[in-house]
Amino acid sequence: RVVAVIMVGSPTKGTRFRPLSLNVPKPLFPLAGQPMVHHHISACRRIPNLAQIYLIGFYEEREFALYVSSISNELRIPVRYLREDKPRGSAGGLYSFRDYIMEDSPAHIVLLNCDVCSSFPLPDMLEAHKKYGGMGTLLVNKVSAESANQFGELVADPETNELLHYTEKPETFVSDLINCGVYIFTPKILIAIEDVLKQKKDRANLRRVSSFEALQSATKAIPADYVRLDQDILSPLAGKKELYTYQTLDFWEQIKTPGMSLRCSGLYLSQFRHTSPHLLASGDGKKGATIVGDVYIHPSAKVHLTAKIGPNVSISANARIGAGARLISCIILDDVEIMENAVVIHSIVGWKSTVGKWSRVQGEGDHNAKLGITILGEAVDVEDEVVVTNSIVLPNKTLNASVQDEIIL
Ligand code: GDD
């Protein structure tokens with residue numbers, strides 16, 4: 001049997017995702033109309049003999065309660081949220097829930113970072129992992145040499161795919177092959193974490209008796225029960241025939257910023273062409289509007305017949321899109337109103353916001369730049385004939401004059 005664990009993180013961490021993470025935990029922010037973590041869960045569902053999915057994080061239980069119960073019913077697979085009591089690092093967190101994880105005596109544990117976007121080729125990766133016969137297999141990807149230092153960089157044996165060397169976010173370039181934050185382990189990983197925990201505790205005890213000065217530096221250092229998967233487990237186990245790599249040739253991105261969420265929403269929409277075409281708007285249905293490329297429209301949204309939508313547009317529940325409106329590359333969240341002849345391009349429009357008649361909300365479309373897309377927080381009111389360009393607008397603002405390249409607090 002197989003158990004999947006998704007690390008959903010904490011409310012204090014996703015700061016670069018503001019103001020969008022002010023309303024909803026980042027893992028539940030919609031990409032292609034589905035919560036971010038939904039894409040991981042759907043991918044896990046394709047693994048044969050999957051017993052259970054756990055989401056591990058620091059959010060309050062109530063923030064995930066509704067989602068986990070509805071997704072469990074929908075997919076008919078138990079999905080449970082487990083809340084950490086204190087920071088223990090990615091491996092320490094996993095270890096602290098070992099009794100839950102081992103409940104179904106799984107032969108394999110699938111571990112996923114929540115803030116990545118991928119086709120998650122888990123069944124193929126599992127087959128490769130079984131063939132390699134190691135303790136763990138990492139999904140890896142080639143990125144540009146300039147961007148590699150934001151990730152774990154690694155070297156793998158081109159013949160056997162063994163992980164030979166691993167460095168987390170190195171200062172000097174090691175490799176353009178990087179860790180995707182998607183892993184398959186055997187339960188032996190829990191023993192490896194336990195070993196590291198023991199070593200850390202022993203070292204901390206030793207320091208405590210050796211000198212007062214050392215004790216002072218030890219208290220400033222990382223706590224002894226804090227174990228990071230990358231630095232504390234992957235680095236030391238590289239080159240020991242325990243870890244292997246599986247390279248994805250399909251799409252993969254990390255989602256730290258709203259700009260990347262817009263890009264990833266588009267990637268998931270194009271994946272729907274193959275996996276869930278029924279979720280894409282066709283344009284000839286009862287909604288009638290002109291549809292260009294990949295578009296998701298929630299069944300409760302109302303889109304005027306004369307609006308033109310797409311490509312890469314997701315429209316959430318109860319949104320209303322007026323006559324002659326033009327939407328390109330954007331995420332329109334719940335209860336938004338886009339009025340007649342308004343244009344929204346390369347933007348995210350927050351819950352309950354309104355964009356007035358003949359207004360434009362636009363970004364230049366650089367997903368990596370801080371102001372490369374325009375973001376309206378919750379309940380922002382853009383009045384008629386106002387142009388908002390490359391800006392971030394915090395919740396509850398009214399814009400009655402045009403703005404460009406601004407953060408409106
Ligand atoms: N449950 C829980 N508890 N999850 C956490 C915690 C925590 O205390 N801290 C972070 N996470 C989650 C995040 O939500 C994310 O999904 C994942 O764990 C890793 O987050 P970070 O530790 O911030 O690492 P990173 O995203 O900068 O880098 C990691 O992922 C890259 C791929 O996206 C590393 O593993 C890199 O090597 C890797 O390239």
Side-chain angles (χ1 to χ4, degrees), residues 4-17 21 24-29 31 35-37 39-41 53-61 63-64 80-98 100-101 110-118 120 136-144 147-156 163 165-171 174-183 185 189 193 222-223 225-235 237-238 243 245 247-248 251-257 260-261 263-264:
V5 177
I6 307 170
M7 302 302 269
V8 297
S10 68
T12 51
K13 272 205 107 177
T15 49
R16 277 183 283 171
F17 211 67
S21 53
V24 59
K26 179 176 149 183
L28 297 182
F29 184 79
L31 304 180
M36 187 183 290
V37 68
H39 301 281
H40 300 59
I41 293 175
I53 301 174
Y54 292 108
L55 311 187
I56 298 186
F58 255 112
Y59 295 90
E60 300 282 341
E61 267 103 356
E63 300 205 68
F64 279 87
R80 283 162 78 182
Y81 176 74
L82 301 173
R83 184 174 200 256
E84 288 165 281
D85 58 346
K86 61 173 194 167
R88 296 169 194 270
S90 40
L94 185 74
Y95 181 77
S96 69
F97 291 114
R98 61 193 175 283
Y100 288 92
I101 293 166
V110 174
L111 180 68
L112 308 174
N113 284 5
C114 186
D115 61 358
V116 296
C117 160
S118 167
F120 301 108
T137 299
L138 288 68
L139 189 70
V140 302
N141 185 29
K142 261 204 194 305
V143 297
S144 68
S147 66
N149 65 353
Q150 304 163 36
F151 308 103
E153 295 183 16
L154 53 96
V155 180
L163 179 75
H165 180 75
Y166 184 94
T167 322
E168 184 62 22
K169 306 188 182 89
E171 274 172 29
V174 174
S175 162
D176 57 359
L177 201 58
I178 61 113
N179 170 16
C180 292
V182 174
Y183 314 88
F185 292 113
I189 186 69
I193 301 171
I222 297 167
D225 58 355
Y226 193 92
V227 187
R228 299 157 302 179
L229 186 65
D230 13 53
Q231 289 99 319
D232 300 326
I233 305 284
L234 303 181
S235 288
L237 284 181
L243 300 175
T245 59
Q247 190 172 347
T248 177
F251 66 93
W252 180 88
E253 296 287 352
Q254 190 188 44
I255 317 168
K256 297 289 184 196
T257 59
M260 282 311 293
S261 76
R263 172 165 162 70
C264 293

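When a residue number appears, it is its place in the shown sequence, counting from 1. Counting starts at 1 for both ligands and their atoms, following the listed order. Values below: all heavy atoms of this structure, side chains included; hydrogens, waters and symmetry mates excluded.
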Under 4.0 Å from a heavy atom of Phe151: which atoms of ligand 1 are those, numbered in the order shown and with their elements? 39 (O)
Is there a heavy atom in Val116 that sits closer than 4.0 Å to ligand 1? yes
When you compare the side chain of Ile193 with that of Arg98, does any pair of heavy atoms fall below 4.5 Å? no
Would Arg228 count as a contact of ligand 1 if the rule is a heavy atom under 4.0 Å away? no
Sub-4.5 Å side-chain heavy-atom contact between Tyr166 and Leu243: no
If only atom types and distance count, is the side chain of Ser175 paired as donor or acceptor with the main-chain N or O of Leu154 below 3.5 Å? yes
Distance-only N or O hit between ligand 1 and Cys114, under 3.5 Å: yes
Please check whether Met7 reaches ligand 1 - meaning an N/O of the residue sits under 3.5 Å from an N/O of the ligand, judged on distance alone. yes
At a 4.0 Å threshold, what atoms of ligand 1 neighbour a non-hydrogen atom of Ile56? 1 (N), 2 (C)
Enumerate the atoms of ligand 1 whose separation from the nearest heavy atom of Gly57 is less than 4.0 angstrom. 1 (N)
I need the atoms of ligand 1 closer than 4.0 Å to a non-hydrogen atom of Gly9, numbered in the order shown. 1 (N), 2 (C), 4 (N), 5 (C), 11 (N), 12 (C), 14 (O)
Can you tell me if Glu168 uses its side chain to pair, donor with acceptor, with the backbone of Asp230 under 3.5 Å? no
For ligand 1, is there an N or O atom under 3.5 Å from any N or O atom of Phe58? no
Mind telling me whether Phe120 and His40 have parallel, tilted or perpendicular rings, with 30° and 60° as the class edges? tilted
Are the side chain of Lys26 and the backbone N or O of Asp115 linked by a donor-acceptor pair below 3.5 Å? no
Nearest 0.5 Å, what's the CD1-CG distance between Ile101 and Leu94? 4.0 Å
For atom 15 (C) of ligand 1, what is the closest protein heavy atom, and at what distance to 0.1 Å? Asp115 OD1, 3.5 Å
Is there any N or O on Asp230 that sits under 3.5 Å from an N or O of ligand 1? yes
Give the residue, atom name and distance (to 0.1 Å) of the protein heavy atom nearest atom 26 (O) of ligand 1. Lys256 NZ, 2.6 Å
Under the 3.5 angstrom rule, does the side chain of His165 hit a backbone N or O of Val174 as a donor-acceptor pair? no
Between Gln254 and ligand 1, does any nitrogen or oxygen pair lie at a separation below 3.5 Å? yes
So does Phe97 get a backbone contact from the side chain of Tyr54, meaning a donor-acceptor N/O pair under 3.5 Å? no
The closest protein heavy-atom partner of atom 37 (O) of ligand 1 is Glu168 OE1, 2.7 Å
Looking at Tyr100 and Arg80, what are the two nearest heavy atoms and their distance? CE2-NH2, 3.2 Å
Give the atoms of ligand 1, by number and element, whose distance to some non-hydrogen atom of Trp252 is under 4.0 Å. 32 (C), 33 (O)
Quick one: nearest non-hydrogen protein atom to atom 38 (C) of ligand 1, plus distance? Asn179 O, 3.2 Å
Looking at every non-hydrogen atom in both residues, tell me the closest pair between Gly93 and Ile56 and how far apart they are. O-CD1, 4.4 Å
Smallest separation among heavy atoms of Ser10 and Phe58, with atom names: CB-CB, 3.2 Å
Shortest protein contact, atom 21 (P) of ligand 1 (heavy atom only): Lys13 NZ, 3.7 Å
Answer side chain, backbone, both or neither: which part of Leu229 comes under 4.0 Å from ligand 1, heavy atoms only. neither
Check: Tyr226 main-chain N/O paired with Arg88 side-chain donor or acceptor under 3.5 Å: no
Counting only heavy atoms closer than 4.0 Å, does ligand 1 sit against the backbone of Tyr166, its side chain, both, or neither? side chain
Show me which atoms of ligand 1 lie under 4.0 Å from any heavy atom of Asn113. 16 (O), 17 (C), 19 (C), 29 (C), 30 (O)
Starting from atom 3 (N) of ligand 1, what is the nearest protein heavy atom, named by residue and atom, and what distance separates them? Glu84 OE1, 2.7 Å
Of Leu28, Val24, Ile255, which is the lone residue that meets side chain to side chain contact (heavy atoms under 4.5 Å, CB included) with Met36? Ile255
Pull out every atom of ligand 1 sitting under 4.0 Å from any heavy atom of Lys169, numbered as shown with elements. 25 (P), 27 (O), 28 (O)
Provide the number and element of each atom of ligand 1 under 4.0 Å from a heavy atom of Tyr183. 35 (O)
